[in-house]
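Below you'll find the structure, written out as structure tokens, and then a few comments.
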Protein chains: 2
Amino acid sequence: MPDFDPLALENQLCFPLYAASKELTRRYKPFLDPLGLTYTQYVTMMALWGHDGVTVGELGSRLYLDSATLTPLLKRLEAHGYVDRKRSAEDEREVIVSLTDKGRELREKAVSVPYCMAGCIGISPEDAIQLKALLEKLLSSF
Amino acid sequence: MPDFDPLALENQLCFPLYAASKELTRRYKPFLDPLGLTYTQYVTMMALWGHDGVTVGELGSRLYLDSATLTPLLKRLEAHGYVDRKRSAEDEREVIVSLTDKGRELREKAVSVPYCMAGCIGISPEDAIQLKALLEKLLSSF
DNA sequence: CGTTGATTAATCGCGTGCGATTATATTGTG
DNA sequence: CACAATATAATCGCACGCGATTAATCAACG
């Protein structure tokens with residue numbers, strides 16, 4: 001390849017990653033709107049459905065988000081009645097985030113979302129599995 | 001798998017895609033700061049280095065961005081002196097975006113960025129190529 | 001026991017990202 | 001030609017996303 005252009009958009013790994021992430025997020029919107037969740041709020045709820053009663057910092061490390069993003073987001077989830085935020089008794093610096101009953105109930109409405117999205121993904125299950133594995137490898141390499 | 005949880009974070013394709021995209025963008029920052037570009041501005045400049053003198057709409061379809069994002073972004077690039085925005089003479093609805101000399105010169109400083117980033121990617125070139133191909137397949141399936 | 005340093009969230013500022021609307025210009029149709 | 005339909009960018013509102021700073025609390029050490 002005598003004329004490989006390192007600055008051409010089509011030669012970047014980052015660009016399809018960036019574009020695909022945005023597109024996929026956009027695909028979630030019609031399924032998340034009925035739940036009153038944004039994509040980031042949905043991911044946060046998934047993390048909490050897995051394990052709640054955690055600090056903002058723990059949640060952030062699982063989601064790759066810091067308190068500047070999480071604090072206002074959690075306040076919105078709290079305003080919707082899905083989560084509870086309270087200072088830890090042992091350590092007043094920490095804020096413990098827990099699901100409310102309404103937040104746990106929301107999970108029932110959300111279980112269909114992954115199945116709806118599976119129908120939107122235009123690649124084979126094998127490709128999807130491989131893609132997921134490669135992304136996780138990239139992510140853990142940082 | 002008797003207890004597969006469709007709402008577990010570790011069972012999602014979207015989450016590592018979302019997280020890896022953010023992380024990679026963050027990795028670009030130290031290399032882009034000296035150029036005075038954000039990641040999105042860098043991607044926009046790459047698109048223009050490939051082919052400029054295009055409308056906002058054309059640029060947006062190449063970058064998967066709409067005018068609500070591009071217009072203010074292009075105004076910032078214009079304020080930095082990298083691009084030129086002017087109404088088309090044939091069709092006054094269109095705005096033609098072109099590189100300035102300064103914008104073309106910026107390319108010389110940017111050529112090292114992909115090589116710097118290659119050193120930050122913690123996966124093998126083979127994996128990177130395969131990952132790029134799968135992302136493009138996913139993207140084109142939308 | 002007080003003071004210093006570290007930890008944790010919250011806040012601030014700026015730049016996306018995008019659905020929805022608006023303003024302007026062009027095109028098509030009778 | 002008039003006028004409705006369409007196309008294009010700009011604008012608006014809200015929610016991230018994150019580097020940097022701030023405020024409050026805790027831990028360590030003399």
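All figures in this text were calculated on a predicted structure; none of them were measured in a lab. So you know, we letter chains A, B, ... as the sequences are listed, proteins then strands, and number each from 1.
Taking atom CZ of B:Arg26 as the reference point, atom P of C:dT16 lies 16 Å away to the nearest angstrom. Look at NZ on A:Lys22: it is 16 Å from C1' on D:dA15, rounded to the nearest Å. Between A:Leu65 atom CG and C:dA10 atom C1' there is a gap of 15 Å when expressed in whole angstrom units. One atom, NZ of B:Lys29, and another, P of D:dG17, lie 17 Å apart when rounded to the nearest Å. The distance from atom CD of A:Glu90 to atom P of D:dT25 is 15 Å, rounded to the nearest whole Å. Between the CZ atom of A:Arg85 and the C1' atom of C:dA9 there is a distance of 9 Å, given to the nearest Å. The nearest whole Å value for the distance from the CD1 atom in A:Ile96 to the P atom in D:dT25 is 15 Å. For the pair A:Asp66 CG and D:dT21 P, the interatomic distance rounds to 15 Å; values are reported in whole Å.
Cation-pi geometry between A:Lys102 and A:Tyr82 is met: under 6.0 angstrom from the ring centre, within 45 degrees of the axis.
Proximity of B:Tyr39 to the phosphate of C:dG15: no side-chain N or O atom is located under 4.0 Å from OP1 or OP2. Listed pair B:Arg76 / C:dT16 meets the phosphate criterion, a side-chain N or O lying under 4.0 Å from OP1 or OP2. Residue A:Lys75 places no side-chain N or O under 4.0 Å from the OP1 or OP2 atom of D:dA15. Between B:Arg87 and D:dT8, a side-chain N or O to OP1/OP2 separation shorter than 4.0 Å is absent.
Between A:Ala68 and A:Glu94, the residue anchored nearer the 5' end of DNA chain C, judged by the nucleotide with its closest heavy atom, is A:Glu94. The residue among B:Asp91 and A:Ala89 whose nearest nucleotide of DNA chain D lies closer to the 5′ end is B:Asp91.
As judged by a 4.0 angstrom heavy-atom cut-off over every strand, B:Thr55 is placed among residues touching the sugar-phosphate backbone only. Heavy atoms of A:Leu70 sit nowhere under 4.0 angstrom from any nucleic acid atom. Contact annotation for A:Thr69: base contact, defined as any heavy-atom pair under 4.0 Å involving a base atom. Using a 4.0 Å heavy-atom distance criterion, B:Glu23 is classed as making no nucleic acid contact. In this structure, B:Thr40 reaches the sugar-phosphate backbone alone: every heavy-atom distance under 4.0 Å involves primed, P, OP1 or OP2 atoms, never a base.
Set against D:dG17, D:dA10, D:dT25, the side chain of A:Glu92 has D:dT25 as its closest nucleotide.
A perpendicular orientation is assigned to the rings of B:Tyr42 and B:Trp49, their planes being inclined by more than 60° (bins at 30° and 60°).
The base of D:dA10 is paired with the side chain of B:Ser67 by a donor and an acceptor separated by under 3.5 Å. Side-chain atoms of B:Arg93 and base atoms of C:dT24 include no donor and acceptor less than 3.5 Å apart.
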List the steps and the verdict of salt bridge (Lys or Arg N to Asp or Glu O under 4.0 Å) for A:Arg62 and A:Glu58. CA-CA 6 Å; A:Arg62 272 199 277 164; A:Glu58 280 170 35; 5.9 Å; no
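Ion pair A:Arg26/A:Glu23 flagged as a salt bridge, since at least one NZ, NE, NH1 or NH2 atom sits closer than 4.0 Å to an Asp/Glu carboxylate oxygen.
Between A:Tyr18 and B:Tyr39, the distance from one ring center to the other falls under 6.0 angstrom.
Side-chain atoms of B:Arg85 never come within 3.5 Å of backbone atoms of B:Val95 as a donor-acceptor pair (strictly under, hydrogens ignored).
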